[in-house]
Protein chains: 2
Amino acid sequence: MTADQTERDHWLDGETKIADAPDKHGDETHLWLRLLTCTTLIETEIRRGLREEFDFTLPRFDLLAQLERAENGMVLGEISKRMMVSAGNLTALVERLVESGHITRTTSPSDRRVQIVTLTPFGHSAFGEMAERHRAWLNNLFSGVSAEERDVLLAALAKLKISVRQGLAQER
Amino acid sequence: MTADQTERDHWLDGETKIADAPDKHGDETHLWLRLLTCTTLIETEIRRGLREEFDFTLPRFDLLAQLERAENGMVLGEISKRMMVSAGNLTALVERLVESGHITRTTSPSDRRVQIVTLTPFGHSAFGEMAERHRAWLNNLFSGVSAEERDVLLAALAKLKISVRQGLAQER
DNA sequence: GGGAGAAAGTCTAGGCATAAAAATATGCGT
DNA sequence: ACGCATATTTTTATGCCTAGACTTTCTCCC
């Protein structure tokens, strides 16, 4: 039992880095590490689920999620912006998804620099199944947080996001 | 000006994925994407700073941060747990840090399976410089969030972390 | 039209990350 | 002492990711 637990419980907390530090009021580092820990724990679990249940990766899933919401396909550059990854990264990712039959890629007739990527019917249905499980996983992971607390979190993160974007913008 | 802005502002929001979706009360997916967006924005900025100012990577920095807090070095497995990365990953990471002179690695005399990694004086001072800038970057990115809001966030994330760990534990 | 420059994407080199299997070392029960 | 399970790390096979250089294509201005 204990041996089984260590399998998935084997990670200590990333926060342990500074957990012993004095809990200073307004310590950004502490807050950042806690944020990072939460995100990493959730993300790792989702990656694991996708891999074990669907033999799929998170970047692939994210790309399908983008296309799912675009009626007539998407341009590569647009995908890059929305997924927050470099364009160079997408070349291989798209290539593999084309090979596996989830998407198609065509050169735009009006501008031959542009590559248009669209979901195939197979890709659409595959995404549907995965998205359903994805929601269930999140539901489970968030089940210990009440709806009110979620709203608090959502609002607090909204403020943080604005703050971060301002910080990034100012830097120039 | 606009051209300059797009350089660092070029990312749309990852959240845009579902931003148009009905703002259902208690939508875990929405909350998750917002969490992920905040983390990604901050993490990307930190990676950029480390690379541009110190020609360093975040995993390297994180590893030094672990060692900084361990008086007599750390065992590889312990580092793996604390950094939440696989052991196989560390082999190359440690190798490069040894080459660059930031750390040393020795085999434990009492158990020759075990590798003990310690910070060199150079590694210690290098980390100090980077950590100072690291704090400054976070300070900037969080500057739009008041101390009270930070406390709210810290507490909400604490609850989330517990929820996530429970969800992971139950799953068996 | 023709060329400068911008835009879209690809290519290359390098680093980070995992899982799964293998190598090495320890240690315990008998 | 022997053998087998266990613990620690490395190796191997893949995939993700970035930056920076490069190619192709388009646009705009002359």
Side-chain angles (χ1 to χ4, degrees), chain A residues 2-4 6-8 10-11 14 40 43-63 73-81 83-100 105-117, chain B residues 2-4 6-8 10-11 14 40 43-52 54-63 74-81 83-100 105-117:
Chain A
T2 316
D4 194 23
T6 49
E7 278 187 24
R8 198 167 312 150
H10 70 114
W11 276 353
T40 302
E43 191 174 341
T44 300
E45 174 66 0
I46 291 175
R47 285 182 193 273
R48 191 185 64 79
L50 286 174
R51 176 170 40 76
E52 294 187 357
E53 292 191 22
F54 301 101
D55 192 24
F56 223 66
T57 67
L58 185 52
R60 277 166 156 88
F61 176 80
D62 286 343
L63 180 35
M74 271 179 98
V75 171
L76 225 50
E78 178 76 3
I79 298 173
S80 165
K81 284 180 204 159
M83 287 182 67
M84 305 198 215
V85 298
S86 67
N89 186 11
L90 290 181
T91 300
L93 187 55
V94 165
E95 180 56 35
R96 279 188 287 264
L97 281 169
V98 168
E99 271 179 38
S100 61
R105 137 187 249 161
T106 52
T107 301
S108 166
S110 60
D111 183 341
R112 279 174 307 185
R113 292 171 303 181
V114 171
Q115 301 290 314
I116 298 173
V117 175
Chain B
T2 316
D4 195 22
T6 50
E7 279 188 24
R8 197 168 310 152
H10 72 114
W11 276 352
T40 303
E43 190 173 342
T44 301
E45 173 67 1
I46 292 175
R47 285 182 192 273
R48 192 185 63 78
L50 285 175
R51 176 170 39 76
E52 293 187 358
F54 300 101
D55 192 25
F56 223 65
T57 67
L58 185 52
R60 278 166 153 88
F61 176 81
D62 285 343
L63 180 36
M74 270 178 101
V75 171
L76 225 48
E78 177 77 3
I79 298 172
S80 166
K81 284 180 204 160
M83 286 181 69
M84 304 198 217
V85 298
S86 68
N89 186 10
L90 289 181
T91 300
L93 187 55
V94 165
E95 181 55 35
R96 280 188 288 264
L97 280 169
V98 168
E99 270 178 38
S100 61
R105 134 186 251 164
T106 52
T107 300
S108 165
S110 59
D111 183 343
R112 276 174 310 184
R113 293 172 303 184
V114 171
Q115 301 290 315
I116 298 173
V117 175

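Here is the naming used below: chain letters follow the sequence lines, and residue numbers restart at 1 for every chain. The structure displayed is predicted, hence computed values, not measured ones.
- At whole-Å resolution of the value, CD in A/E95 and C1' in D/dT14 are 16 Å apart.
- For B/S86, the side-chain contact (heavy atoms from CB on, under 4.5 Å) partners two or more places apart in sequence, or in a different chain, are B/N89.
- With 3.5 Å as the limit, one finds no donor-acceptor pair spanning the side chains of A/T106 and A/Q115.
- Distance CE/B/M74 to CG/B/L76: 9.5 Å, rounded to 0.5 Å.
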Extract from the structure each pairing of a protein N or O with an N or O of nucleotides 2-8 of chain C at less than 3.5 Å, listing the distance.
from	atom 1	to	atom 2	distance (Å)
C/dA7	N3	A/R113	NH1	3.3

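- Whole-Å rounding puts the A/F56 CZ to D/dG15 P distance at 12 Å.
- Partners of B/E43 under the side-chain contact (heavy atoms from CB on, under 4.5 Å) rule, at least two apart in sequence or in another chain, are A/W32, A/L36, B/T39, B/R47, B/L58.
- Checked against salt bridge (Lys or Arg N to Asp or Glu O under 4.0 Å), A/R51 has no partners two or more places apart in sequence or in another chain.
- One interatomic measurement links the two molecules: CD1 of A/I116 to P of D/dT25, which rounds to 16 Å at whole-angstrom precision.
- A/T44 places a side-chain N or O within 3.5 Å of a backbone atom of A/T40 that can act as its donor or acceptor partner.
- Here the P atom of nucleotide D/dT9 and the CE atom of B/M74 are 11 Å apart, to the nearest Å.
- The residue among B/T91 and A/R112 whose nearest nucleotide of DNA chain D is located toward the 5' end is B/T91.
- Checked against ring pair (Phe, Tyr, Trp, His ring centres under 6.0 Å), B/F56 has the following partners two or more places apart in sequence or in another chain: B/H102.
- Distance B/R48 CZ to D/dG20 C1': 16 Å, rounded to the nearest Å.
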>> Using a 4.0 Å heavy-atom cut-off to protein, can you give one letter per nucleotide of nucleotides 12-18 of chain C, 5' to 3': B if the base is in contact, S if only the sugar-phosphate is, - if neither?
In response: ---SSBB
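- Spacing between atom CZ of B/R105 and atom P of D/dT8 amounts to 15 Å, rounded to whole angstrom units.
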>> As a quick check of understanding, evaluate salt bridge (Lys or Arg N to Asp or Glu O under 4.0 Å) for B/R48 and B/E45, giving each step before the final call.
In response: CA-CA 5 Å; B/R48 192 185 63 78; B/E45 173 67 1; 2.9 Å; yes
